[in-house]
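Reviewing the structure listed below.
So that the names make sense, note that chain A is the first sequence line, chain B the second, and so on, each numbered from 1.
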Protein chains: 2
Amino acid sequence: MTRRSPTLNEVARLAGVSPSAVSRTFTVGASVADKTRAKVLQAAELIGYRPNLLARSLSRQRSGTVGIAVTRLENSFNSLLLEELATALQRVGLGCRLIVTGDRDAVDVRIEEVLQHQIDVLVLCAVNLSSRIEEECAAIGVPVVMVNRITPGVGRSARAIAIVGSNEEGGRVVADHLAEAGHRSFAFIAGSADASNSREREAGFIAGLAKSGLPAPIVETGHYTFNGAMDATRTILNTVNRPDALFCANDHMALAAITVAQTEFGLSVGKDISIVGFDDSPAARFGAGLTSFSQPASLMAEEAARNIIALLGGNRTEDGLFVVPGSLKIRGSSRPANP
Amino acid sequence: MTRRSPTLNEVARLAGVSPSAVSRTFTVGASVADKTRAKVLQAAELIGYRPNLLARSLSRQRSGTVGIAVTRLENSFNSLLLEELATALQRVGLGCRLIVTGDRDAVDVRIEEVLQHQIDVLVLCAVNLSSRIEEECAAIGVPVVMVNRITPGVGRSARAIAIVGSNEEGGRVVADHLAEAGHRSFAFIAGSADASNSREREAGFIAGLAKSGLPAPIVETGHYTFNGAMDATRTILNTVNRPDALFCANDHMALAAITVAQTEFGLSVGKDISIVGFDDSPAARFGAGLTSFSQPASLMAEEAARNIIALLGGNRTEDGLFVVPGSLKIRGSSRPANP
DNA sequence: GTGAAAGCGCTAACAT
DNA sequence: ATGTTAGCGCTTTCAC
C-alpha cells in the first residue's frame with residue numbers, strides 16, 4: 001500500500017490559492033488567470049496530483065461514462081463493433097464500462113448494476129433488451145442506444161435510438177446475387193426468432209427471391225452461435241432436395257456453415273454450394289473468403305458516438321433510427337454470376 | 001429529463017430510520033435488525049431507490065472496478081480473453097472499464113485516464129506496458145495484472161503479476177509435431193520483437209527443432225496483425241528453398257498465413273505445407289481447422305480474477321508469475337505424423 | 001478573476 | 001442494533 005493520493009485541496013494550499021482556483025484550472029473552458037494557472041499546475045506537478053474523476057462525477061452529476069452491453073464476443077463482428085465503439089467514445093472523451101450479458105444470463109441484473117454506477121448512456125450492442133429495462137432507463141432518464149438491433153421502443157421516445165445496417169436491402173441484394181449465379185434452391189439460417197435484424201434480412205431475402213420468381217428458402221435457426229449454425233446446416237444439407245445456396249443471417253453462422261459443408265459433407269464451397277453471410281466481419285477474409293453484405297462497423301460506431309454526444313447535450317435527436325449503408329462483398333464462398 | 005433519483009437519505013426519512021441503517025441494509029454482511037431492514041427495503045422499493053455506486057466508491061475509497069486495457073480486438077483470442085475476463089470479474093462482483101489502446105496509440109494517455117477513475121486494479125491484456133506507466137501504478141499503489149504478456153517488472157514487485165500460457169513448451173511441442181510429420185525445412189512468424197510471449201515461443205520452437213537435429217527456421221515478423229502476417233508469409237513462401245512447415249506466434253497470424261498460402265500460392269494447406277498457430281482461438285475451428293497449441297482463456301481469466309481478489313484483499317500473492325497449461329490441438333492445417 | 005461555503009450521495013467511526 | 005457526526009474529493013453558486 002502507498003500513501004493516499006494528493007488531493008485538490010493540497011494543491012490549493014501548496015499553490016497558495018483557493019480550491020476553486022485549482023478546480024477551474026482543471027476544468028476546460030473555465031476562466032483562470034494565466035498566473036494562477038501556472039502556480040496551480042506547478043504545485044500539482046510537484047506533488048503528483050491527479051484529479052479524482054469519481055469525486056468529479058459525483059459532484060457534477062454526470063460520469064462521462066457510457067455502459068456498453070454485449071451478449072458475447074464469439075462473433076468477430078461484435079468484437080469489431082465494440083472496439084470501434086470504445087475507440088470512438090474515447091475520442092470524444094467518454095469512458096466505457098463493459099458488461100457481458102452472456103446468452104441467457106441475467107441480463108437485467110447486470111444492466112441494473114451498471115446503471116447504479118451512474119452511466120450517462122446505455123449502449124446495447126447486439127443485445128435484446130428486455131422491456132423492463134427499457135422502461136427502467138426511460139424512468140431514470142438514461143438514454144439507450146441500440147446498435148445492430150432494435151426494439152419496438154425505438155423512435156417512440158427520443159431517448160431510445162438505434163443504429164442499424166441495411167438489413168432488408170442486404171437480403172434482397174444477396175437474393176439477386178445468388179439468383180444471377182444460377183441457383184434455384186435456397187436455404188436461410190436465421191439468428192433468433194425475435195431479433196429484428198435477422199427477421200429483416202430474411203424478409204429481404206424472401207422478397208428478392210420472389211421477385212425473380214424463385215421459390216422461398218428452407219429456414220432453420222442457428223441462434224447466432226457457431227454450434228447452433230452447425231446444427232442448422234446439417235439439417236439443411238440433409239434435406240432430400242439439398243439446396244445449393246445458403247444465406248446466413250450473419251457471418252459468424254456462415255463460417256460454421258462452411259465448416260460443416262466442407263468437412264462433414266465434402267462439399268466444395270463456392271462450387272457445389274454457395275454460402276453467403278452478413279456483416280463483412282473480419283473473419284470473412286480468412287482463406288478463400290466469405291461473400292457477405294457489409295455493415296460498416298466504424299461508421300456505425302461514429303454514428304453512435306455522434307448521437308451520444310447529442311443526447312448528452314440534451315438535444316433531442318432528429319429521429320430515432322439510423323440506417324447505415326452496406327454493399328455486397330463477393331468472395332470465394334459463392335459461385336459468381338453465370339459464365 | 002426526469003426527476004433526480006431518490007437518495008439514501010430520502011429512504012431513511014421515509015422509513016423513519018437513520019441514514020446509517022439504510023446504508024447497512026444495502027451493505028452485505030452488516031448487522032441490521034430484520035424489522036429495520038424490512039422497513040428500509042419497503043421504503044426503498046416504494047420510491048424506487050437505487051444505491052449510487054459513485055458515491056459509495058468515493059466514500060469507501062474503493063471503486064470495485066478494474067480497468068482492462070486491450071490493444072485491439074481483431075484477434076479473436078484477445079476478444080475471447082476479454083469476454084472471459086469480464087465475465088469472471090462480474091461473477092466476483094467487480095465491474096470493468098474498457099480501454100482500447102490501439103497499436104501505436106497514446107497508450108499512456110488512455111491509461112492515465114482510467115487511473116483517474118480510481119480503478120482498483122489495472123489489467124493489461126496483450127498490451128506492452130511502457131515502464132513509465134508501470135512505475136506510475138506502483139507509485140499510486142494500483143496493482144497491475146498482465147495477461148498473456150510480461151514485462152521485466154513482474155515478480156519484482158508483488159503488485160505486478162502476470163498470467164501466461166506455456167509458451168516455451170508450446171514451441172517445443174510444435175517443433176516435435178512438425179518433425180514427426182516429416183518436415184525438414186521451417187519458418188517462424190514472430191509477433192513483435194519486444195513481446196515476451198513471441199520470443200518464448202520462438203525459443204521453444206528453435207530448441208525443439210535443434211533437439212531433433214533439424215535446422216533453425218527462417219524468421220519473419222508479422223507484428224501480430226493480419227496484414228503484417230500476410231506480408232511475412234509472402235516473403236517466406238518466396239524464399240528459394242521454400243519451407244514446408246510454418247509456425248506462427250499466434251493463430252491470428254496463422255490464419256493470415258493460410259490465406260496467403262492458399263489464395264496467392266495455390267498451396268494445399270495441410271498437404272503441401274503445414275501451418276501451425278498458437279492460442280487455439282475460436283477461429284481455429286473454422287473450415288478444415290488450424291493446428292494450434294492452446295491457451296485456455298477461461299482458465300487464464302479465472303486465475304486473473306482469483307489473483308485480483310487476493311490483491312484487493314491486501315494479500316501478497318505467493319508469486320508473480322502464473323503459467324497455465326496448454327496442449328496441441330491437431331487439425332487440418334498440419335500434415336499428421338508420417339504415415 | 002478569485003475565494004468562501006454549501007453541497008453531490010454515501011460510509012464509517014464512535015457513542016449509545 | 002441504531003443514530004450522530006464527520007468526512008470522501010470535487011464543483012459551483014454567490015459575493016467580492
Side-chain angles (χ1 to χ4, degrees), chain A residues 1 3-41 43-44 47-65 113 115-120 140-141, chain B residues 3-41 43-44 47-65 95 113 115-120 140-141:
Chain A
M1 276 299 161
R3 221 183 63 60
R4 233 185 63 277
S5 300
T7 73
L8 176 146
N9 276 296
E10 294 169 21
V11 176
R13 210 169 310 137
L14 198 128
V17 300
S18 74
S20 351
V22 181
S23 175
R24 291 192 183 99
T25 303
F26 288 96
T27 301
V28 294
S31 46
V32 204
D34 286 354
K35 271 185 86 168
T36 316
R37 144 167 290 127
K39 275 194 294 188
V40 169
L41 289 179
I47 60 177
Y49 170 68
R50 195 189 309 275
N52 182 331
L53 263 31
L54 234 45
R56 166 177 291 186
S57 302
L58 181 61
S59 186
R60 286 206 185 149
Q61 304 270 66
R62 167 155 300 182
S63 66
T65 299
E113 209 172 284
L115 245 29
Q116 295 183 180
H117 277 284
Q118 313 300 108
I119 53 167
D120 295 338
I140 61 178
Chain B
R3 221 183 62 62
R4 233 188 61 273
S5 300
T7 74
L8 178 147
N9 276 296
E10 294 170 20
V11 176
R13 210 169 310 136
L14 198 125
V17 299
S18 76
S20 356
V22 181
S23 175
R24 290 190 183 100
T25 302
F26 287 97
T27 301
V28 293
S31 47
V32 204
D34 286 356
K35 269 185 85 168
T36 316
R37 147 167 288 128
K39 275 193 296 189
V40 169
L41 289 179
I47 61 177
Y49 171 67
R50 196 188 309 271
N52 182 330
L53 265 30
L54 235 46
R56 165 178 292 185
S57 302
L58 181 59
S59 185
R60 286 205 186 149
Q61 303 270 65
R62 168 155 298 182
S63 66
T65 299
E113 210 172 285
L115 246 28
Q116 295 183 180
H117 277 283
Q118 312 300 107
I119 52 166
D120 295 337
I140 60 177

For A:R4 and D:dG9, is the shortest distance between a side-chain N/O and OP1 or OP2 below 4.0 Å?
yes
Which atom pair, heavy atoms only, marks the closest approach of B:L58 to A:L58?
CD2-CD2, 3.5 Å
Rounded to the nearest Å, what distance is computed from the CG atom of residue A:L58 to the C1' atom of nucleotide D:dC8?
9 Å
For D:dT11 and A:S23 - does any side-chain N or O of the residue sit under 4.0 Å from the phosphate oxygens OP1/OP2?
yes
When all nucleic acid strands are considered with a 4.0 Å heavy-atom cut-off, which category describes B:V22: base, sugar-phosphate, or nothing?
nothing
Show the nearest heavy-atom pair for residues A:F26 and A:V40, with the distance to one decimal.
CE1-CG1, 4.1 Å
Separation of B:Q116 atom CD from D:dC8 atom P, in whole Å?
20 Å
Residue mapping more 5' on DNA chain C - nearest nucleotide basis, B:R24 or B:P51
B:P51
Please report the shortest heavy-atom distance between A:S63 and A:I119, naming the atom on each side.
OG-CA, 3.7 Å
Indicate yes or no for a side-chain donor-acceptor contact from B:D120 to the backbone of B:R62 under 3.5 Å, with no hydrogens or angles considered.
no
Audit row: A:I140, B:R50, side chain to side chain contact (heavy atoms under 4.5 Å, CB included) steps and yes/no
CA-CA 10 Å; A:I140 61 178; B:R50 196 188 309 271; 3.6 Å; yes
Distance in angstrom units between A:R62 CZ and C:dG9 C1', rounded
18 Å
Give the minimum heavy-atom separation between B:T25 and B:R37, together with the two atoms involved.
O-NH2, 3.6 Å
A:F26 CZ - D:dT11 P separation (whole Å)
10 Å
How many whole angstroms separate atom CG of A:L54 from atom C1' of C:dC8?
12 Å
For C:dG3, does OP1 or OP2 lie under 4.0 Å from any side-chain N or O of A:S18?
yes
In residues 28-37 of chain B, what residues come within less than 4.0 Å of DNA chain D, judged by heavy atoms?
B:S31, B:V32, B:A33, B:T36
Strictly below 4.0 Å: does A:Q61 bring a side-chain N or O up to OP1 or OP2 of C:dG7?
no
Given atom CZ of B:R56 and atom C1' of D:dG7, what is their separation to the nearest angstrom?
17 Å
Base, sugar-phosphate or nothing for B:T7? Non-hydrogen atoms, less than 4.0 Å.
sugar-phosphate
Of the listed nucleotides (C:dC10, D:dT4, C:dG3), which one gets closest to any side-chain atom of B:S20?
D:dT4
Taking every non-hydrogen atom, the tightest pair across B:A44 and B:V11
N-CG1, 4.0 Å
Angle, rounded to 10°, between the helical axes spanning five pairs at each terminus of the helix from C:dG1-D:dC16 to C:dT16-D:dA1?
30°
Check the phosphate of C:dG9 against A:Q118, side-chain N and O only, distance under 4.0 Å to OP1 or OP2. Yes or no?
no
Record whether the side chain of B:S59 comes under 3.5 Å of the base of C:dG9 through a donor-acceptor pair of N or O atoms.
no
Between CZ of B:R60 and P of C:dC8 the distance, given in whole Å, is 21 Å
Any side-chain to backbone donor/acceptor pair from A:T27 onto A:S23? Under 3.5 Å, distance only.
yes
Give the minimum heavy-atom separation between B:A30 and B:R24, together with the two atoms involved.
CB-O, 3.6 Å
Interatomic distance where CG belongs to A:N52 and P belongs to D:dG7 [whole Å]
18 Å
Rounded to the nearest 0.5 Å, how far apart are OG of A:S5 and CD1 of A:I47?
10.5 Å
